[in-house]
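Okay, so here's the structure we're looking at.
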Protein chains: 2
Amino acid sequence: MKITARMSEQADNDLTAKARIRNAALALYADYGEDATSMRTIADAAGVTVGLVVHHFRTKDGLREAVEHHIVDLFSYAIEQAPVEGTTAAIAASRDDAVAGMLADNPAVIGYLRRAVLDPTGHRGRILEMLTRFAAEQVATLRSAGVASMVQRDSSQTIGVMVRQLGQLFLQPMVDSMWAQLAGPDADEDDKPNLVVKVQESGATGS
Amino acid sequence: MKITARMSEQADNDLTAKARIRNAALALYADYGEDATSMRTIADAAGVTVGLVVHHFRTKDGLREAVEHHIVDLFSYAIEQAPVEGTTAAIAASRDDAVAGMLADNPAVIGYLRRAVLDPTGHRGRILEMLTRFAAEQVATLRSAGVASMVQRDSSQTIGVMVRQLGQLFLQPMVDSMWAQLAGPDADEDDKPNLVVKVQESGATGS
DNA sequence: TATTATGGTATACGTTTGTATAGTCGCAAT
DNA sequence: ATTGCGACTATACAAACGTATACCATAATA
């Protein structure tokens, strides 16, 4: 069964039970964390019984593997969509846009990754590792095609891409809740300070 | 029994059982998260039985409250230590240093706050709220003493302090594990790119 | 028609969880 | 000398957990 982008926007009704379970797990893991989410809760959210979850994913670890594989697929598919044309900067920008759009369509991915990334030691999955490898491959591909900046070392460039795309999203909730507490609920959203997250080549100066 | 700063650096032997339980909980929560840490595990780490944990803290929620209260105390004590003298910039720097030193002495605090702060919706505690209020009071005190910069609005300044002190620490593990994966374990640490986390007054330009 | 695979439910298992209760020990104050 | 209280252990309990097993329905296959 082929998963199209449009399907992920449809109602759950048209999804396989297996996909519904996976989506429910992703959403609940993002909101409450894996440890605080029981397989029965996931089953209820997907409208099935626990037995079916086990039937499709065998164990809770297996379910997490499916969730993380799905996240990598979402990134991969988003980047495939971005056109490879124009200047070096234009290509990089269109890829960033494609990823940003995917994340906007799938907010649970942000929440899930936030938990996985802030928990590198205790986390039992390999999602950050997979995404890092994926980003490194992207950098390598663009470089060999001659359409990527070469002023940084490639590892720094890869980390730069990841931090730019994810770092702000991770920290934003902290700023948001502080802003809500300090400025009150009826404050002008436009006055909220902007987060800046980036990496600098070591030894570099200036912005 | 009075708790002095020097005691927190001593071996556990000299600590009250109640303090040992609280410290063990903080350390385990930081490493594995609260959900993944049972009260029996905490009791074992502190060298006591579950019953004593209940005796001192009543419930697991009570234990978390004690842990979070202790963290606020650590911040509070660290800032009390910083001298209020010299230029405005010097005062701000000495406070930042005092907090940085406290965090270096208590690395588990960073891990605990990372989980609590990046997990604002699911989190059941109020630690971010407490620290935000504390930071806001600091800004207000320094301002009324005429020793704080006034070029920003105070809420932005408060958020700026928090983000500067905590933001980089939270994201650093992500950069570290990516760097370890991309550059290999024997790479020169000095080549690792530097994280930059800050906030800008909305509408502002420049670095 | 009989068979087998697939998607699904129902129920039961052993373990671990947070919490409750009862009791022991040491020690300070009456 | 006894009482009382705080620190502490031991054990027990109900609930929730992940997982295993048995069973049912439908539809494609032989």
Side-chain angles (χ1 to χ4, degrees), chain A residues 1-3 7 10-68 70 112 115 122-125, chain B residues 1-3 7 11-68 70 112 115-116 122-125:
Chain A
M1 170 175 209
K2 191 145 164 286
I3 303 284
M7 288 185 63
Q10 289 176 220
D12 278 349
N13 310 336
D14 297 352
L15 290 178
T16 307
K18 188 172 182 180
R20 279 196 335 262
I21 295 168
R22 193 230 303 123
N23 289 355
L26 170 56
L28 288 166
Y29 288 177
D31 281 351
Y32 306 107
E34 186 180 331
D35 287 330
T37 306
S38 73
M39 302 188 73
R40 284 164 179 84
T41 304
I42 296 168
D44 284 355
V48 300
T49 60
V50 215
L52 192 60
V53 179
V54 175
H55 175 68
H56 279 303
F57 301 96
R58 297 215 26 100
T59 67
K60 206 181 182 185
D61 277 8
L63 180 53
R64 186 191 48 238
E65 281 174 30
V67 167
E68 301 200 334
H70 180 236
Y112 185 91
R115 291 177 184 277
H123 192 61
R124 299 166 280 292
Chain B
M1 172 176 210
K2 190 144 166 287
I3 304 283
M7 287 185 63
D12 279 349
N13 310 339
D14 297 353
L15 290 177
T16 305
K18 188 172 181 179
R20 280 196 336 261
I21 295 169
R22 194 232 302 124
N23 289 354
L26 170 56
L28 289 166
Y29 288 177
D31 281 352
Y32 305 107
E34 185 179 330
D35 287 329
T37 306
S38 73
M39 302 188 72
R40 282 163 180 85
T41 304
I42 295 168
D44 284 356
V48 299
T49 61
V50 216
L52 191 61
V53 179
V54 175
H55 175 69
H56 281 303
F57 302 97
R58 296 214 28 97
T59 66
K60 207 180 182 186
D61 276 9
L63 180 52
R64 186 190 49 240
E65 281 173 31
V67 166
E68 301 200 335
H70 180 237
Y112 185 90
R115 292 176 185 278
H123 190 62
R124 299 168 280 292

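Labels below follow one simple rule: chain letters A, B, ... track the order of the sequence lines, proteins then strands, and each chain is numbered from 1.
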(request) Using whole Å, report how far CG of A/D35 lies from C1' of D/dG18. (result) 13 Å
(request) Classify the nucleic acid contact of B/T37 as base, sugar-phosphate or nothing, counting any heavy atom under 4.0 Å across all strands shown. (result) sugar-phosphate
(message) As a test of understanding, state which of B/E68, B/H70, B/E34, B/R64 forms a side chain to side chain donor-acceptor pair (under 3.5 Å) with B/Y112.
(response) B/E68
(message) Output the rounded distance in Å from OH (B/Y32) to P (C/dT16).
(response) 18 Å
(message) Which heavy atom of B/V67 sits nearest to which heavy atom of B/A25, and what is that distance?
(response) CG2-CB, 4.0 Å
(message) Please check: side-chain N/O of A/S38 versus main-chain N/O of A/T41, any donor-acceptor pairing under 3.5 Å?
(response) yes
(request) Keeping the roles fixed (side chain from B/R115, backbone from B/A30), state whether a donor-acceptor pair exists under 3.5 Å. (result) yes
(request) Let me see the working for A/L63 and A/Y29 under side chain to side chain contact (heavy atoms under 4.5 Å, CB included), right down to the final yes or no. (result) CA-CA 11 Å; A/L63 180 53; A/Y29 288 177; 3.9 Å; yes
(request) Please check the phosphate of D/dA16 (OP1 and OP2 only) for any side-chain N or O of A/S38 closer than 4.0 Å. (result) no
(request) Under 4.0 Å from any atom of DNA chain C, heavy atoms only: list the residues of residues 47-58 of chain B that qualify, in numerical order. (result) B/V50, B/V54
(message) Please report the distance, rounded to the nearest Å, between NZ in A/K18 and C1' in C/dG8.
(response) 14 Å
(request) Please report, rounded to the nearest Å, how far the P atom of D/dA20 is from the NZ atom of A/K60. (result) 15 Å
(request) Could you tell me the separation between the CE atom of A/M39 and the P atom of D/dG18, rounded to a whole number of Å? (result) 7 Å
(message) Without decimals, in angstroms, what is the distance between B/R40 CZ and C/dA20 C1'?
(response) 12 Å
(message) Without decimals, in angstroms, what is the distance between A/E34 CD and D/dC17 P?
(response) 14 Å
(request) Might you point out which heavy atoms bring B/L28 and B/A45 nearest each other, and give the distance in Å? (result) CD1-CB, 4.1 Å
